[in-house]
Amino acid sequence: MLQKTQITGSEALLRILIEEGVDTIFGYPGGQIIPVFDTLYDFKDQLNHILTRHEQGAVHAAQGYARVSGKVGVCFATSGPGATNVITGIGDAMLDSTPLIVIAGQVGTNLLGTDAFQEIDVVGITQPITKWAYQIRRAEDIAWALARAFYIARSGRPGPVVLDFTKNAQVQKTDITYEACDFIRSYIPVPKISAEQIDAAAALINAAKKPLALVGQGVILSGAEEELKAFLEKADIPAGNTLLGLSALPSDYRLNKGFLGMHGNIALNVKTNEADVIVAIGMRFDDRVTGDLSRYARQAKIIHIDIDPSEIGKNVPVAVPVLGDAKEALAILTLKVNNAEHAEWISSFDKYADIEFEQVINKEIYPKTGAITMGEVVRRVSEATEHKAVLVTDVGQNQMMASRYFKFSQTRSVITSGGLGTMGFGIPAGMGAKIGAPERTVCLFCGDGGFQMTMQELGTIMQENIGLKMIVMNNQYLGMVRQWQELFYDERYSFTDMVNPHFTMIAKAYGIGTSEVSKREDLDTAIADMLKDDKPYLLVVNVEQKGLVYPMVPAGAGVTDIITPQGKLQVQ
């Protein structure tokens, strides 16, 4: 328990952060948070503050840090535009269940409501996209607010919390007694698991002939990776992964059938509409996974294991809800299911895996002629890191190609913007991930569009010597939008072609190692040069301009309405 007498609100804030185990803060100073930054000057040995080049960079970096480390990410911003600049990251963290605390400076309480310089209603703006938003108006309220903030951000289904910190509360002196919070009346972050629900789920699984597990990020957030494998092994159930759940299982695990959804693996999408029982674990049936809900798994009885009751039945009818933490639920459920054998069902995935390899994968990752493809870049980087690296992506074709062809051997290895799909997420999230896991290789894949949205953060990488490996797959287009224009808008390429700067010259200006590749025979050497040490590096690969991400389930189509380079797949 932390006890201090007559210290400023700013000092109380920093001491509480240390008490909560915070070691890194990402932020950008400004007028209404100067007292906090002034006090931070005396805490430099205990708190590492990373000065980003934009507040959006700070909040995305805090997200990357949180996702790879499992800790709460912390971000500082000033009032007005500083606070509004973090809104995108807050929304991103809310949709992707990332534990985050954003502390924004605010004008003094005597100026609230007067339209003072850089005053904005931060709580009003952020309440719909946070787990909790609160304005601290008195120094004596800091301990109470911080304790609740950390508890809410990290407990149950994690998410962002915003504290709007008035300037007078930062400078007032107060006595503080700080104890971590573990209970808030009416807030039940972890529902008690029902024995009846477990028994009903086990009965369905034990009777299933064609069971399928859908694995989401909830498995990672609850630390349930080993419980998941024990469950899958005992019940002999094949599994597919959502975008954020990709590293919950090793890529080469025998029951891991890959990636679900719009650009996912063919077998999984086809088999979703053949399974008789689907066990969804810590996932929310996003539209990019389900496609047209009226044609999604209508034949299946669905068991949904989730910690958030609002997700149960929100998008798909559920036969058996299992409310609770995935780790606990899987452990209990595994005791109840029978030792099963579904060899014929599992082997039936192979037919469609072979079709996908022939029609898509072989041509994408092992091309013999033509321009370099995005898929082969991803494959070669993954192989060069022995599939042990953390994958960070921006958003677009680069994201889907990386998710399809990067391989994983350990958990917490995928950092990407899932629900919000935020272009510009990549560079700052990659910085945060590398700081959160300094012992690991962190590889960021960007398109030329997303890279330019936050490339000012190269300044942060330079100043902090962050050993992030950045790969820009440059096709001189906003590739994913261009793909939709080609397939669905009669090739009317409206404002998606890009005239780009010399990215390597920009990297050199920041003192960052760099190279550019246009020829396939130079790619492996360039990747080796990038990975030879732990210094920051930018590799620019000029890829085919009009490459397409296949397979694809068009928006609004059913999950079996799959198109490949050969046209619509005939599902038999």
[X] (side chain) donor-acceptor with [Y] (main chain) under 3.5 angstrom:
X: His304; Y: Val320; answer: no
X: Asp92; Y: Gly419; answer: no
X: Lys327; Y: Gly223; answer: yes
X: Ser348; Y: Trp345; answer: yes
X: Glu457; Y: Ile427; answer: no
X: Lys234; Y: Thr334; answer: yes
X: Ser251; Y: Phe408; answer: yes
X: Gln452; Y: Asp448; answer: yes
X: Glu341; Y: Ala343; answer: yes
X: Asn500; Y: Asn474; answer: no

Separation of [Y] [atom2] from [X] [atom1] (nearest 0.5 Å):
X: Ile281; Y: Asp306; atom1: CD1; atom2: CG; answer: 10.5 Å
X: Glu544; Y: Glu364; atom1: CD; atom2: CD; answer: 6.0 Å
X: Arg67; Y: Ser417; atom1: CZ; atom2: OG; answer: 8.0 Å
X: Asn241; Y: Leu260; atom1: CG; atom2: CG; answer: 6.5 Å
X: Tyr550; Y: Arg404; atom1: OH; atom2: CZ; answer: 12.0 Å
X: Met283; Y: Leu214; atom1: CE; atom2: CG; answer: 5.0 Å

Basic-acidic side-chain contact under 4.0 Å: [X], [Y]:
X: Glu491; Y: Lys546; answer: no
X: Lys301; Y: Asp276; answer: no
X: Asp308; Y: Arg284; answer: no
X: Glu274; Y: Lys271; answer: yes

Does [atom1] in [X] sit with more than 12 non-hydrogen atoms of other residues, nucleotides or ligands closer than 6.0 Å?
X: Tyr493; atom1: OH; result: yes
X: Glu344; atom1: CD; result: no
X: Lys388; atom1: NZ; result: no
X: Gln299; atom1: CD; result: yes
X: Lys314; atom1: NZ; result: yes

Inset, instruction - Over 60° means perpendicular and under 30° means parallel, so classify the ring planes of Phe451 and Phe503, tilted if in between. - result: perpendicular
Does a donor on one side chain sit under 3.5 Å from an acceptor on the other, for [X] and [Y]?
X: Asp96; Y: Thr98; answer: no
X: Ser515; Y: Tyr537; answer: yes
X: Asn265; Y: Glu356; answer: yes

Could you pull out the closest heavy-atom pair between [X] and [Y], with the gap in Å?
X: Arg440; Y: Ser413; value: NH2-OG, 2.7 Å
X: Thr373; Y: Arg520; value: N-NH2, 4.3 Å
X: Pro238; Y: Asp236; value: CD-O, 3.9 Å
X: Asp325; Y: Ser222; value: OD1-CB, 3.2 Å
X: His60; Y: Gly89; value: CE1-CA, 3.6 Å
X: Gln545; Y: Tyr477; value: O-CD1, 3.6 Å

Check whether any side-chain heavy atom of [X] sits under 4.5 Å from a side-chain heavy atom of [Y], and report yes or no.
X: Val472; Y: Leu539; value: no
X: Leu478; Y: Arg482; value: no
X: Gln397; Y: Phe445; value: no
X: Leu255; Y: Glu233; value: yes
X: Ile415; Y: Gln63; value: no

Legend entry - From CA spacing to verdict: side chain to side chain donor-acceptor pair (under 3.5 Å), Thr454, Gln56: CA-CA 8 Å; Thr454 49; Gln56 185 176 350; over 6 Å; no
Inset, instruction - Step by step, work out the side-chain contact (heavy atoms from CB on, under 4.5 Å) result for Thr290 and Asn315. - result: CA-CA 9 Å; Thr290 65; Asn315 292 329; 5.7 Å; no
Inset, instruction - For residues His387 and Phe406, establish whether the separation of their ring centroids is below 6.0 Å. - result: no
Legend entry - From CA spacing to verdict: side-chain contact (heavy atoms from CB on, under 4.5 Å), Leu538, Met530: CA-CA 8 Å; Leu538 174 65; Met530 175 180 71; over 6 Å; no
Inset, instruction - Apply salt bridge (charged side-chain N to carboxylate O under 4.0 Å, His left out) to Glu225 and Lys229, showing your working. - result: CA-CA 6 Å; Glu225 294 88 347; Lys229 283 196 282 188; over 6 Å; no
Inset, instruction - Could you go through the salt bridge (charged side-chain N to carboxylate O under 4.0 Å, His left out) check for Arg295 and Asp292 one step at a time? - result: CA-CA 6 Å; Arg295 290 182 279 167; Asp292 180 3; 2.9 Å; yes
Inset, instruction - In sequence, state the C-alpha distance, the side-chain angles, and the governing distance for Thr393 and Leu391, and then conclude on side-chain contact (heavy atoms from CB on, under 4.5 Å). - result: CA-CA 7 Å; Thr393 84; Leu391 169 68; 3.8 Å; yes
Inset, instruction - Step by step, work out the side-chain contact (heavy atoms from CB on, under 4.5 Å) result for Thr460 and Met431. - result: CA-CA 8 Å; Thr460 308; Met431 298 185 325; 3.8 Å; yes
Inset, instruction - For the pair Arg380 and Asp524, evaluate salt bridge (charged side-chain N to carboxylate O under 4.0 Å, His left out) and give the outcome as yes or no after the intermediate values. - result: CA-CA 7 Å; Arg380 293 196 192 193; Asp524 286 338; 3.3 Å; yes
